[in-house]
Amino acid sequence: MTDARAAEQHALPVVIVDDHSIFRSGLRTELDAGIRVLGEAASVDEAVALVVAQQPRVVLLDVHLPGGQGGGGAEVIRMAAPQAPGTLFLALSVSDAADDVVRVIRAGARGYITKSASGAEVSDAARRVADGDAVFSPKLAGFVLDAFGAVSGETAESTDELDRLSVREQEVMRLIARGYTYKEVAGSLFISTKTVETHVSAVLRKLQLSSRHELTAWALARKLL
Amino acid sequence: MTRPKLRLVGGVCAGFAEHTGVPVSAVRTATLILTFCGGFGVLLYAWLWATVPSADSGPVGEQALPKSRLVLATETRSPASQGSAPEVVPGNHTNSTTVDAASARSAPVSEILLGVALLAAGVALIAGRLGADIPLAVVIPAIVVLAGISLAWRQFADIRSGAAKRSSALLMRTLGALVLVAVGILLFFVTGEEPDVWTVVIAAVSVLLGMAVVLAPWFIRLSGDLVEEREARVRESERAEIAAHLHDSVLQTLALIQQKAGPQSDAARLARAQERELREWLFTGAGSAPVDLAAELRRIAGVIEEDFAVHFEVVTVGASTQDVPEGFVAAAREAMLNAARHAGGSVSVYLESSPTGTELSITDRGPGFSLADIPEDRMGIRESILGRMRRVGGSAAVRPGPGGQGTEILLTLPAVPSSTAPPPPPPPVPAPRELPFRSSAPVPPVTLDRNGHTRGPEPTHGETTP
């Protein structure tokens with residue numbers, strides 16, 4: 001009993017934000033023991049209030065949400081993040097248009113995962129986000145390769161360039177797009193998992209900060225899934 | 001007569017050339033020459049531009065054609081419409097004739113009459129400027145009569161073809177046009193001889209009415225287009241509304257079922273199939289499915305998912321504009337089927353179409369396969385994947401998946417056949433499992449048997465390390 005309570009204490013505190021109660025309760029039961037759900041919210045306003053009150057480590061955030069100014073998940077991040085500095089956001093989406101996902105990521109989400117992912121996968125992604133890593137689904141990696149012109153051979157020449165990917169980043173993204181886990185990417189490229197995480201975080205930063213016009217153009221033109 | 005979709009200015013010359021069979025360059029030259037004759041060419045051009053309907057996008061897009069045929073069609077189409085080779089229009093010609101048959105403007109009589117009228121006007125203008133004594137009292141009525149007859153012809157053509165729904169109205173308009181033209185002529189004669197305030201007023205009014213009659217079909221067409229567009233918009237917004245609702249409720253539920261049931265189960269498979277169908281309907285729109293490699297791969301994935309407990313995660317990168325041979329698609333299908341049959345679970349399909357070529361990787365997390373255990377599959381793999389890829393000028397490689405688990409099949413097709421393309425991995429004939437990894441370090445020659453035990457290279461297999 002005390003062990004269970006101790007595990008509970010060490011469990012990752014999260015909040016689930018989704019406007020479908022079925023989905024929330026489903027996800028709640030599916031999440032593994034290492035995740036502790038502090039609460040659930042169904043709209044933008046509820047989510048902001050809950051996040052600010054509970055200060056969870058990770059918010060599992062649906063891209064589409066009613067309420068607020070109509071900005072969905074992105075609005076939650078913009079409103080709640082300044083008042084919850086220790087909180088990180090992981091976008092969940094039922095395979096949406098890429099522009100929605102990109103908007104949430106540009107608002108500050110640390111990753112994106114589809115809703116059809118299993119509970120274990122969501123738990124794992126939440127832990128990775130809590131550890132400061134970025135979570136890229138294969139589709140998002142594919143989108144990034146497209147949007148940053150990696151396919152047509154555009155390569156960043158310096159590390160501080162925001163509009164293009166470096167060779168290594170492209171390699172990492174290609175393998176993630178093929179469904180490799182970070183560990184498998186590390187094994188295939190003969191680098192450490194930590195280095196893979198660094199590259200992925202760098203790509204996420206570029207996705208958030210780049211002013212590349214293709215980002216929005218691409219996102220509007222195509223569906224992520 | 002219709003104006004083609006791809007046009008230089010208004011598509012009038014190209015349309016005229018296509019309709020009459022005269023080379024388009026000749027038509028264009030004639031138009032230019034006429035343009036210098038007192039601007040007459042421009043007048044005629046503008047008139048035809050306004051009256052001749054634009055060609056439909058054609059029935060090509062209606063049915064889903066195999067990619068190769070579609071590409072062929074667009075290829076033959078583009079040079080023809082650029083006007084460089086008017087003879088290369090067989091596919092386009094049948095298209096335009098069907099449009100013609102349906103269109104009221106099949107007979108260019110009205111256009112010809114109008115042209116003659118305008119030509120007469122132009123000639124009269126030039127002659128008058130050159131100092132010749134032109135009997136305007138004769139020329140102008142002639143022009144008006146020609147215009148009136150052409151107008152009438154046109155309305156009759158509308159009635160005959162059934163393009164117009166209210167034929168009585170059209171008939172009235174036609175008769176009205178004729179009467180007005182006649183009145184106009186009479187009044188011109190009258191004004192020529194003894195000018196009077198009332199005759200001038202009546203003449204002006206009748207001319208205005210005649211113009212209204214002439215312009216009526218154009219306005220009707222315009223308003224018809226407007227109504228059509230509005231209806232389409234209403235339909236579209238209705239669809240968006242339904243889509244939003246389905247998206248919110250049904251897709252969420254389907255996602256939840258998949259999440260709960262795990263990728264191998266029947267429930268997840270059914271949910272996935274439903275989700276795919278729904279998504280297709282929601283997002284791709286009716287009948288506008290793009291026929292490219294990415295869409296084809298998704299379609300194949302859907303078909304296979306129905307028969308096997310497998311989930312394909314298809315990621316496509318780059319615009320797959322390159323015309324991919326059937327063999328490539330068939331090999332991809334075989335590789336996906338192979339992964340579904342022997343591995344199942346989650347299979348990643350990654351397609352990258354870049355200017356240098358097309359690369360497709362299919363990665364499964366199954367037990368890996370040992371060709372020695374499945375001799376008939378060895379033939380299958382060799383013939384249906386490796387052989388096919390070789391025949392279409394590409395290459396295929398089979399290697400262990402990431403971390404030595406599962407299988408990765410890599411299909412590569414260079415954009416430019418052979419010579420300038422990067423050297424493909426070595427041909428895989430003798431080895432049951434060949435490992436042409438592109439990364440710098442060699443991959444250990446490991447074979448996985450069905451139980452997942454790793455085995456070293458066995459001499460009986462004649463396995464080689466690259």
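A quick note: this is a predicted structure, and the numbers were derived from the prediction, not measured. The sequence lines fix the lettering, A, B, ..., with proteins before strands; numbering per chain opens at 1.
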[atom1]/[X] to [atom2]/[Y] distance, rounded to the nearest 0.5 angstrom?
X	Y	atom1	atom2	answer
A/Asp146	B/Glu352	CG	CD	8.5 Å
A/Tyr180	B/Thr363	OH	OG1	5.0 Å
A/Arg174	B/Ser361	CZ	OG	11.5 Å
B/Ser348	A/Leu175	OG	CG	11.0 Å

Practice prompt. State whether the side chain of A/Lys139 and the backbone N or O of B/Val314 hold a donor-acceptor pair below 3.5 Å, judged by distance alone.
Written response: yes

Worksheet entry | Partner chain B: residue of A/Thr29, A/Asp18, A/Val122, A/Leu145 with the largest heavy-atom pair count (under 4.5 Å) | A/Leu145

Response to the item:
In terms of heavy-atom pairs under 4.5 Å with chain B, the winner among A/Pro138, A/Ala141, A/Gly119, A/Gly26 is A/Pro138

Worksheet entry | Toward chain B, the part of A/Leu189 with a non-hydrogen atom under 4.5 Å | neither

Discussion item. If the threshold is 4.0 Å, N to carboxylate O, is there a salt bridge linking B/Glu359 and A/Arg178?
Written reply: yes

Worksheet item: Charged N to carboxylate O below 4.0 Å: is that the case for B/Arg365 and A/Glu184?
Response: yes

